[in-house]
2 protein chains.
Amino acid sequence: MPAHILVVEDEPAIQALIAANLERAGHVVLRALDAETGLRLVNEALPDLILLDWMLPGMSGIDLARRLRANERTRSVPIIMLTARSEEQDKVRGLETGADDYVTKPFSPRELQARINAVLRRRAPQMTEDPVEVGGLRIDPASHRVSAGGQPVNLGPTEFRLLHFLMTHRERVHSRPQLLDQVWGDHVFVEERTVDVHIRRLRSALEATGHDALIQTVRGSGYRFSAMPAA
Amino acid sequence: MPAHILVVEDEPAIQALIAANLERAGHVVLRALDAETGLRLVNEALPDLILLDWMLPGMSGIDLARRLRANERTRSVPIIMLTARSEEQDKVRGLETGADDYVTKPFSPRELQARINAVLRRRAPQMTEDPVEVGGLRIDPASHRVSAGGQPVNLGPTEFRLLHFLMTHRERVHSRPQLLDQVWGDHVFVEERTVDVHIRRLRSALEATGHDALIQTVRGSGYRFSAMPAA
DNA sequence: CCGGCCGGTGACAATATTGTGACAGCCCCG
DNA sequence: CGGGGCTGTCACAATATTGTCACCGGCCGG
């Protein structure tokens with residue numbers, strides 16, 4: 001699975017080494033020598049993964065990570081931090097800023113590749129582009145459109161992803177942590193109850209046509225999308 | 001609720017990632033790269049929880065678990081098994097060994113944290129996602145649904161767990177203390193008679209279709225789920 | 001036939017969990 | 001630089017679930 005990977009590393013030699021390895025593995029590599037350039041590249045086109053050096057001239061890697069996490073659009077891009085330090089405290093700080101994983105220099109190409117695969121594998125397992133329709137409710141990922149009983153429905157990006165996930169995994173309860181992992185991303189830190197709020201917004205958007213009944217609450221467990229009426 | 005957690009994992013990278021995440025959550029982490037070291041650490045000081053990789057060099061995770069379970073002093077320390085997806089079919093074997101829960105790799109930090117919290121609260125985990133059907137009564141953990149003779153049945157969380165346990169351990173008498181351990185969790189302090197109340201609620205929910213007869217009272221001993229009519 | 005157990009029930013008050021409305025921060029688009 | 005659209009969090013309201021009791025009624029051994 002070829003991926004677009006952004007490498008933000010100020011030491012040209014190391015950057016070249018990493019890039020060569022990644023390209024040999026079939027990935028497309030974007031390069032940045034500093035955080036500012038990295039940020040610009042991310043805004044131009046979202047990569048599938050970012051390798052980010054901890055220490056950078058100017059804006060540090062941590063600052064960049066924090067900044068990316070603060071923005072809704074870039075929030076879900078996985079980040080692997082590269083660092084020379086190996087102190088636990090730094091790792092904790094790195095994870096707090098939202099890094100998905102952490103690789104300490106020096107590292108072997110094989111290890112890096114393994115980490116990259118692990119992170120890529122963990123995110124969005126099977127997002128299909130095929131439209132799905134259940135009980136008159138239709139969602140089309142390709143055109144990013146939703147209609148309920150013929151009527152178009154307007155949803156925000158998060159509610160769209162939430163509905164899409166639920167519709168492609170119906171007849172099964174999803175706990176709040178699971179929904180956060182699958183819809184928000186596993187490195188995003190938000191309150192569990194945020195799920196409730198979005199479920200509510202989704203329901204009120206579907207209320208007009210009565211399709212809100214498809215989203216059922218399972219007390220003590222989570223939520224479920226089901227064509228069958230709640231028991 | 002900071003806890004002392006022992007992580008037995010042979011891959012240093014994964015161990016570090018887990019440890020960092022746990023520390024961020026405020027836990028104290030003890031590390032072991034192999035089962036022997038883990039065993040030594042446990043003997044020095046009992047942790048509150050053990051995260052144990054299934055595959056380890058030398059003594060395997062399952063051997064260590066068995067060994068801990070055999071020892072009086074270490075028997076009650078909760079264990080969460082870490083397994084790769086390919087070993088997933090072994091999960092039943094793992095639970096039989098006495099693991100309190102299992103988590104398949106790759107896992108998200110949030111998911112792991114959720115499992116850890118559940119185990120530390122000593123909540124009895126549900127062991128299987130497979131639906132069970134007996135005499136027209138069907139329970140499906142994945143969708144969290146129950147139907148009796150085609151009719152949907154509404155149950156509270158506790159009654160659901162109770163029914164699930166009974167249906168997966170049928171044709172056997174369970175005493176009230178046993179049911180409390182298995183369904184409520186082993187540290188919970190509740191009146192024994194509470195079981196009676198929930199049995200009653202379960203029965204009245206199944207009464208409409210006559211499936212309440214499947215839950216039999218064994219005077220002086222406890223309750224039994226049986227497809228055969230009471231003797 | 002008579003207590004003494006044991007399980008069945010209905011009612012309750014305490015809790016736990018989920019639904020809602022309001023709000024402040026952010027980003028993007030004029 | 002102002003407005004609108006989204007988001008994540010709260011505090012609070014609305015419900016659902018739970019654990020206990022007290023009270024009954026049946027079964028059993030004496």
Side-chain angles (χ1 to χ4, degrees), chain A residues 39 42-44 46 66-76 98 144 146 153-163 173-177 179-180 183-185 187-207 212-213 215-224 230-231, chain B residues 110 114 117-118 121 123-124 144 146 153-163 173-177 179-180 183-185 187-207 212-213 215-224 230-231:
Chain A
L39 189 55
V42 170
N43 283 329
E44 281 172 19
L46 285 182
R66 235 193 291 276
R67 204 145 155 184
L68 291 172
R69 290 306 187 223
N71 186 314
E72 155 69 19
R73 203 166 54 84
T74 58
R75 169 171 299 170
S76 62
H144 206 272
V146 178
V153 177
N154 214 344
L155 295 179
T158 303
E159 278 106 44
F160 186 91
R161 285 199 307 278
L162 178 57
L163 179 60
V173 246
H174 305 284
S175 68
R176 275 166 260 259
L179 288 173
L180 286 177
V183 178
W184 274 257
H187 44 61
V188 179
F189 302 127
V190 287
E191 286 295 318
E192 278 192 12
R193 293 298 309 280
T194 298
V195 174
D196 297 45
V197 178
H198 281 273
I199 286 281
R200 171 181 162 281
R201 287 171 180 158
L202 196 46
R203 280 173 172 161
S204 58
L206 302 177
E207 208 166 35
D212 59 319
I215 301 172
Q216 304 165 357
T217 300
V218 180
R219 224 156 216 270
S221 297
Y223 295 95
R224 171 183 60 202
Chain B
R110 186 171 10 243
N117 287 337
R121 262 181 276 131
R123 211 47 173 296
H144 206 274
V146 178
V153 177
N154 209 347
L155 297 178
T158 303
E159 281 109 47
F160 188 92
R161 287 202 304 275
L162 177 57
L163 179 60
V173 188
H174 306 283
S175 70
R176 273 165 265 257
L179 287 173
L180 285 177
V183 179
W184 273 255
H187 78 314
V188 187
F189 166 63
V190 284
E191 284 295 321
E192 274 189 18
R193 292 299 309 278
T194 297
V195 174
D196 297 46
V197 178
H198 281 274
I199 286 282
R200 170 187 157 272
R201 286 171 180 155
L202 198 45
R203 280 173 171 160
S204 60
L206 301 177
E207 209 165 36
D212 58 320
I215 301 172
Q216 305 165 356
T217 302
V218 181
R219 197 182 173 79
S221 298
Y223 296 95
R224 171 180 56 202

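Chain naming here is simple, since letters A, B, ... match the order of the sequence lines and numbering starts at 1 in each.
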Enquirer: I would like to know whether Thr217(A) and Arg203(A) meet side chain to side chain contact (heavy atoms under 4.5 Å, CB included); could you show each step before the answer?
Expert: CA-CA 11 Å; Thr217(A) 300; Arg203(A) 280 173 172 161; 2.7 Å; yes
Enquirer: Between atom CD in Glu192(A) and atom P in dT7(D), what is the gap in whole Å?
Expert: 19 Å
Enquirer: Has Arg75(A) got a side-chain N or O lying under 4.0 Å from the OP1 or OP2 atom of dG8(D)?
Expert: yes
Enquirer: Quick check: does any side chain N or O of Arg110(B) sit under 3.5 Å from a backbone N or O of Val188(A), one acting as donor and the other as acceptor?
Expert: yes
Enquirer: Counting only side-chain heavy atoms from C-beta out, which of dT18(D), dT9(D), dT9(C) sits nearest to His198(B)?
Expert: dT18(D)
Enquirer: Find the distance between CG (Leu155(B)) and CG (Leu202(B)) and round it off to the nearest 0.5 Å.
Expert: 6.0 Å
Enquirer: Out of dC21(D), dG19(C), dT7(D), which has the shortest distance to the side chain of Val197(B)?
Expert: dC21(D)
Enquirer: Please state how far atom CH2 in Trp184(B) lies from atom P in dG19(D), giving the value in whole angstrom units.
Expert: 6 Å
Enquirer: Students often get this wrong, so: under 4.0 angstrom with heavy atoms, is Phe160(A) touching a base, only sugar-phosphate, or nothing?
Expert: nothing
Enquirer: Check the side chains of Ser76(A) and Arg161(A) for a donor-acceptor pair under 3.5 angstrom, ignoring hydrogens and angles.
Expert: no
Enquirer: Under 4.0 Å between a side-chain N or O of Tyr223(B) and OP1 or OP2 of dG8(C)?
Expert: yes
Enquirer: Under 4.0 Å, heavy atoms only, any strand: does Arg203(B) hit a base, just the sugar-phosphate, or nothing?
Expert: sugar-phosphate
Enquirer: Could you check how far CZ of Arg201(A) sits from C1' of dT18(C), rounded to whole Å?
Expert: 15 Å
Enquirer: OP1 or OP2 of dT18(D) less than 4.0 angstrom from a side-chain nitrogen or oxygen of Thr158(B), does that happen here?
Expert: yes
Enquirer: Measure from CD on Glu207(A) to C1' on dT20(C) and round the result to the nearest Å.
Expert: 12 Å
Enquirer: Given atom CG of Asp196(B) and atom C1' of dA22(D), what is their separation to the nearest angstrom?
Expert: 14 Å
Enquirer: Please check the phosphate of dT17(C) (OP1 and OP2 only) for any side-chain N or O of Arg176(A) closer than 4.0 Å.
Expert: no
Enquirer: Could you check how far CZ of Arg193(A) sits from P of dC10(D), rounded to whole Å?
Expert: 11 Å
Enquirer: Figure out the CZ/C1' separation between Arg219(A) and dT15(D), and round it to whole Å.
Expert: 5 Å
Enquirer: Return yes when atom CZ of Arg67(A) has more than 12 non-hydrogen atoms of other residues, nucleotides or ligands closer than 6.0 Å, and no otherwise.
Expert: no
Enquirer: Closest to the Thr217(A) side chain: dT18(D), dG8(D), dG19(C)?
Expert: dG19(C)
Enquirer: Whole angstrom is fine here: how far is it from CD in Glu191(A) over to C1' in dT18(C)?
Expert: 15 Å
